[in-house]
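This report refers to the structure that appears directly beneath it.
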Amino acid sequence: MPADEAASTPSGVITTDSVLGGRLTLRQPMAGHRVGHDALLLAAFAPSDRCRVVDLGAGVGSCGLAFLTRVPQAQAVLVEIAPELADLARDNAALNGLSARVEVVTGDVTGLGRPSGPTLPQAGAADLVLTNPPFNDTAQHRISPDDARARAHMAGSALLDDWVRAADRCLAARGVICLIHRPQALAELLAALDGRFGAVEILPVHPRPDRPAVRLLLRAVKGRRTPPTLMPGLVLAAADGTPTAAADAVLRHGAGLAQAGLAQT
C-alpha cells in the first residue's frame with residue numbers, strides 16, 4: 001500500500017494511502033492499527049445484492065468504503081468508537097466522493113439498536129453487517145501500549161458475543177453478517193452465531209498453498225438454521241510469493257470474491 005503523502009495533526013502523523021489499485025484513497029494514522037488485507041477481503045466477501053450496510057468497528061472506514069466502491073447502489077453507516085478515527089472515516093468518505101452514501105456514527109457497538117443508543121443505525125433496518133471485531137483475548141496476549149492498536153486487536157471472550165448481538169439488532173430478517181477472524185476463534189464464532197444466525201459459510205484464507213489458514217471469513221443469515229458449510233479456501237500467494245490471480249483480482253482490482261471465482265452468492 002503506497003503512502004502518497006503524510007501530514008501532521010495534533011493527534012499524530014496522518015498518511016494518505018491508495019488501496020485497491022488506486023480505486024480507494026484512505027487517510028489513516030501512521031502509528032497504531034493500519035489498514036491491511038483483512039478489511040479489503042471482508043468487503044470482497046460480502047454479497048453485492050445488499051444495499052443497506054452497517055460497518056461495525058469501522059476504523060477509518062476501509063471496509064465499508066471498499067464495499068461501496070464495488071457496489072454503487074449501496075449506502076452505509078460506519079460505526080466507530082474512537083472520535084479521531086470516526087473523523088477520518090468521514091474525511092475518507094468525502095475524499096472518495098462517497099459522502100452522499102455514508103453516515104458516520106461515533107459510538108460503542110454494544111449500544112446499537114437500543115432505545116438508549118444512537119439513532120443510527122436503526123434497529124432492524126440493515127440487510128448487511130460487516131465487522132472485523134477485535135481479535136486477541138486480553139488474558140492470553142500482551143496489550144499494546146498504543147490505545148488505537150489495543151482497541152483494534154484486543155478483546156475478551158464476551159466481546160465477540162456482544163458484537164454479534166449488535167449485528168442481530170441492526171439486521172432485518174434474512175439479513176447477512178460477514179466477519180473476519182482468526183481460525184483459533186472458530187468455536188467461539190459459531191457459538192456466538194448459534195441461535196441468531198445460520199447457513200454459516202466459512203472460507204479459510206491461506207498465505208500460501210502449503211500454509212495453514214491465517215484468517216477465516218464467515219458469512220451467515222439471520223434467522224436461518226441451516227448447518228455450516230466449509231468453502232474452498234482463498235490462497236493469497238503462490239509458493240514463490242507471487243500473488244494468486246484471485247488475490248490480485250480482489251486486492252488490486254477491487255473485485256468481489258465471487259468475481260474472483262470464490263464465495264459464490
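All residue numbers in this chain count up from 1 along the given sequence.
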Stepwise side-chain contact (heavy atoms from CB on, under 4.5 Å) check, Leu217 with Ile202:
CA-CA 6 Å; Leu217 288 159; Ile202 305 165; over 6 Å; no

Candidate pair Leu234 and Leu203, rule side-chain contact (heavy atoms from CB on, under 4.5 Å), full reasoning
CA-CA 7 Å; Leu234 169 65; Leu203 190 153; 3.7 Å; yes

Given side-chain contact (heavy atoms from CB on, under 4.5 Å), test Asp162 with Val109 step by step and report yes or no.
CA-CA 8 Å; Asp162 287 341; Val109 164; over 6 Å; no

Please report the C-alpha distance between Ile177 and Leu193 in whole Å, then the side-chain angles of each, then the deciding distance to 0.1 Å, and finally whether the side-chain contact (heavy atoms from CB on, under 4.5 Å) criterion is met.
CA-CA 10 Å; Ile177 182 174; Leu193 294 168; 4.1 Å; yes

Show your reasoning for whether salt bridge (charged side-chain N to carboxylate O under 4.0 Å, His left out) applies to Arg196 and Asp161.
CA-CA 11 Å; Arg196 304 184 187 98; Asp161 191 67; 3.4 Å; yes

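Here the CG-CG distance, from Asp91 to Leu26, works out to 11.5 Å after rounding to the nearest 0.5 Å. If you take CD1 on Ile14 and CD on Gln28, they are separated by 8.5 Å, rounding to the nearest 0.5 Å. Summarising the geometry, atom CZ belonging to Arg165 is positioned 8.5 Å from atom CZ belonging to Arg114; distances are rounded to the nearest 0.5 Å. Of the inter-residue distances, the one linking Leu128 atom CG with Phe67 atom CZ reads 5.0 Å to the nearest 0.5 angstrom. From His181, atom NE2 reaches atom OG1 of Thr131 across 8.5 Å, with rounding to the nearest 0.5 Å. The distance from the CD atom of Glu201 to the OG1 atom of Thr226 is 10.0 Å, given to the nearest 0.5 Å.
Side chain of Asp127 to backbone of Arg52: a donor-acceptor contact under 3.5 angstrom is found. Using a distance-only test at 3.5 Å, with no hydrogens or angles considered, no donor-acceptor pair links the side chain of Arg225 to the main chain of Gly198. Between the side chain of Arg70 and the main chain of Leu65, no donor-acceptor pair closer than 3.5 Å is present. Between the side chain of Glu80 and the backbone N or O of Gly59, at least one donor-acceptor pair lies under 3.5 Å. At least one donor-acceptor pair closer than 3.5 Å links the side chain of Arg23 to the backbone N or O of Leu20. Of the possible donor and acceptor atoms, none in the side chain of Lys222 sits under 3.5 Å from a partner among the backbone N and O of Val176.
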Side-chain polar contacts of residues 207-216 - donor-acceptor pairs under 3.5 angstrom, sequence neighbours left out - could you list them?
from: Arg208; atom 1: NH1; to: Ala239; atom 2: O; distance (Å): 2.8
from: Arg215; atom 1: NE; to: Asp38; atom 2: OD1; distance (Å): 3.2
from: Arg215; atom 1: NE; to: Asp38; atom 2: OD2; distance (Å): 2.8
from: Arg215; atom 1: NH2; to: Asp38; atom 2: OD2; distance (Å): 3.4

Show me the donor-acceptor pairs within less than 3.5 Å that the side chains of residues 92-105 make with the rest of the protein, sequence neighbours left out.
from: Asn92; atom 1: OD1; to: Arg27; atom 2: N; distance (Å): 2.7
from: Asn92; atom 1: ND2; to: Arg27; atom 2: O; distance (Å): 3.1
from: Asn92; atom 1: ND2; to: Val60; atom 2: O; distance (Å): 2.9
from: Asn92; atom 1: ND2; to: Leu88; atom 2: O; distance (Å): 3.2
from: Asn96; atom 1: OD1; to: Thr25; atom 2: N; distance (Å): 2.9
from: Asn96; atom 1: ND2; to: Thr25; atom 2: O; distance (Å): 2.6
from: Asn96; atom 1: ND2; to: Asn92; atom 2: O; distance (Å): 2.8
from: Ser99; atom 1: OG; to: Ala94; atom 2: N; distance (Å): 3.3
from: Arg101; atom 1: NE; to: Ala74; atom 2: O; distance (Å): 2.9
from: Arg101; atom 1: NH2; to: Leu68; atom 2: O; distance (Å): 3.0
from: Arg101; atom 1: NH2; to: Val71; atom 2: O; distance (Å): 2.7
from: Arg101; atom 1: NH2; to: Pro72; atom 2: O; distance (Å): 3.3
from: Arg101; atom 1: NH2; to: Ala74; atom 2: O; distance (Å): 3.0

Between side-chain atoms of residues 244-257 and protein atoms elsewhere (two or more places apart, or another chain), which donor-acceptor pairs fall under 3.5 Å?
from: Thr244; atom 1: OG1; to: Val235; atom 2: O; distance (Å): 2.6
from: Thr244; atom 1: OG1; to: Ala247; atom 2: N; distance (Å): 3.2
from: Asp248; atom 1: OD2; to: His253; atom 2: NE2; distance (Å): 3.3

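Among all heavy-atom pairs drawn from Gly61 and Leu78, the shortest one is CA-CD1, 4.0 Å. The minimum heavy-atom distance linking Leu24 with Ser62 is given by the pair CD2-O, 4.0 Å. In terms of heavy atoms, Pro133 sits closest to Leu179 at CD-CB, 4.4 Å. Scanning both residues, Trp163 and Leu56, for their nearest heavy atoms gives CZ3-O, 3.6 Å.
Residues meeting the salt bridge (Lys or Arg N to Asp or Glu O under 4.0 Å) test with Arg174, sequence neighbours left out: none. For Arg90, the salt bridge (Lys or Arg N to Asp or Glu O under 4.0 Å) criterion is met by Asp87, not counting sequence neighbours. Residues that satisfy the side chain to side chain contact (heavy atoms under 4.5 Å, CB included) test with Cys63, not counting sequence neighbours, are Ala39, Leu42, Ala43, Asp55, Leu130.
With a 6.0 Å cutoff to the six-membered ring centre and a 45° limit on the axis angle, Arg224 does not count as a cation-pi contact of Phe197.
Residues Pro47 and Cys178 meet the side-chain proximity criterion, which asks for heavy atoms closer than 4.5 Å. Side-chain contact between Leu159 and Pro134: present, with at least one pair of heavy atoms (C-beta onward) separated by less than 4.5 Å.
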